[in-house]
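Comments concern the structure below.
Scope of the values below: all heavy atoms of this structure, side chains included, with no hydrogens, waters or symmetry mates. Residues take their numbers from the sequence shown, with the count starting at 1.
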Amino acid sequence: MKSGFITDDKQSEKVFQTFYFPSKHFQEINPNFSPSNIKELKFIFDKDESGVIVIDNIGFMKSL
């Protein structure tokens with residue numbers, strides 16, 4: 001933000017990262033896990049009250 005000198009806002013920049021969670025790792029922990037049974041995903045960030053998390057482009061893909 002260019003208005004930082006006026007409003008004393010702290011400046012920050014989004015730094016996007018890519019994460020992959022292969023379903024085989026979940027199946028190693030729980031052999032009953034089946035990706036086809038997923039109906040809902042919840043992301044719970046409750047360890048700290050400050051900060052911002054930006055999530056974009058969530059998807060599923062077949063293993064190669």
Side-chain angles (χ1 to χ4, degrees):
M1 296 174 47
K2 294 182 180 182
S3 63
F5 68 95
I6 297 172
T7 61
D8 198 29
D9 290 337
K10 294 184 179 177
Q11 295 187 18
S12 65
E13 178 181 349
K14 295 177 198 136
V15 178
F16 290 99
Q17 299 178 28
T18 301
F19 294 91
Y20 294 96
F21 302 98
S23 63
K24 69 179 181 178
H25 293 168
F26 291 98
Q27 289 170 325
E28 289 170 1
I29 295 170
N30 180 358
N32 294 323
F33 174 78
S34 175
S36 62
N37 290 333
I38 296 174
K39 294 182 178 31
E40 177 181 54
L41 291 176
K42 289 184 179 183
F43 297 91
I44 301 171
F45 304 100
D46 61 356
K47 300 293 181 190
D48 194 342
E49 291 183 14
S50 65
V52 174
I53 296 174
V54 178
I55 299 177
D56 192 17
N57 295 328
I58 297 173
F60 295 89
M61 65 183 200
K62 283 188 169 185
S63 299
L64 299 175

Q. Under 4.5 Å between side-chain heavy atoms, hopping through other hydrophobics if needed: is there a path connecting I58 to I44?
A.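 No, I58 does not connect to I44 through the hydrophobic network.
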Q: Mind jotting down which residue pairs meet the ring-ring contact (aromatic ring centres under 6.0 Å, His included) criterion with at least one end in residues 24-53? Sequence neighbours excluded, please.
A: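 Every ring-ring contact (aromatic ring centres under 6.0 Å, His included) pair that includes a residue of residues 24-53, provided the two are not neighbours, is F26-F33.
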Q.
Suppose we screen for side chain to side chain contact (heavy atoms under 4.5 Å, CB included). Which residues come up paired with V15, at least two apart in sequence or across chains?
A.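 Expected list: none.
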**Q.** K47: partners by side chain to side chain contact (heavy atoms under 4.5 Å, CB included), with sequence neighbours left out
**A.** none
Q: Apply side-chain hydrogen bond (donor to acceptor under 3.5 Å, both in side chains) to S36 and list each qualifying residue two or more places apart in sequence or on a separate chain.
A: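 Result, side-chain hydrogen bond (donor to acceptor under 3.5 Å, both in side chains) vs S36: S34.
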Q: First locate atom NZ of K39, then atom CG of N37, and finally report the distance between them rounded to the nearest 0.5 Å.
A: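 Between atom NZ of K39 and atom CG of N37 there are 6.0 Å.
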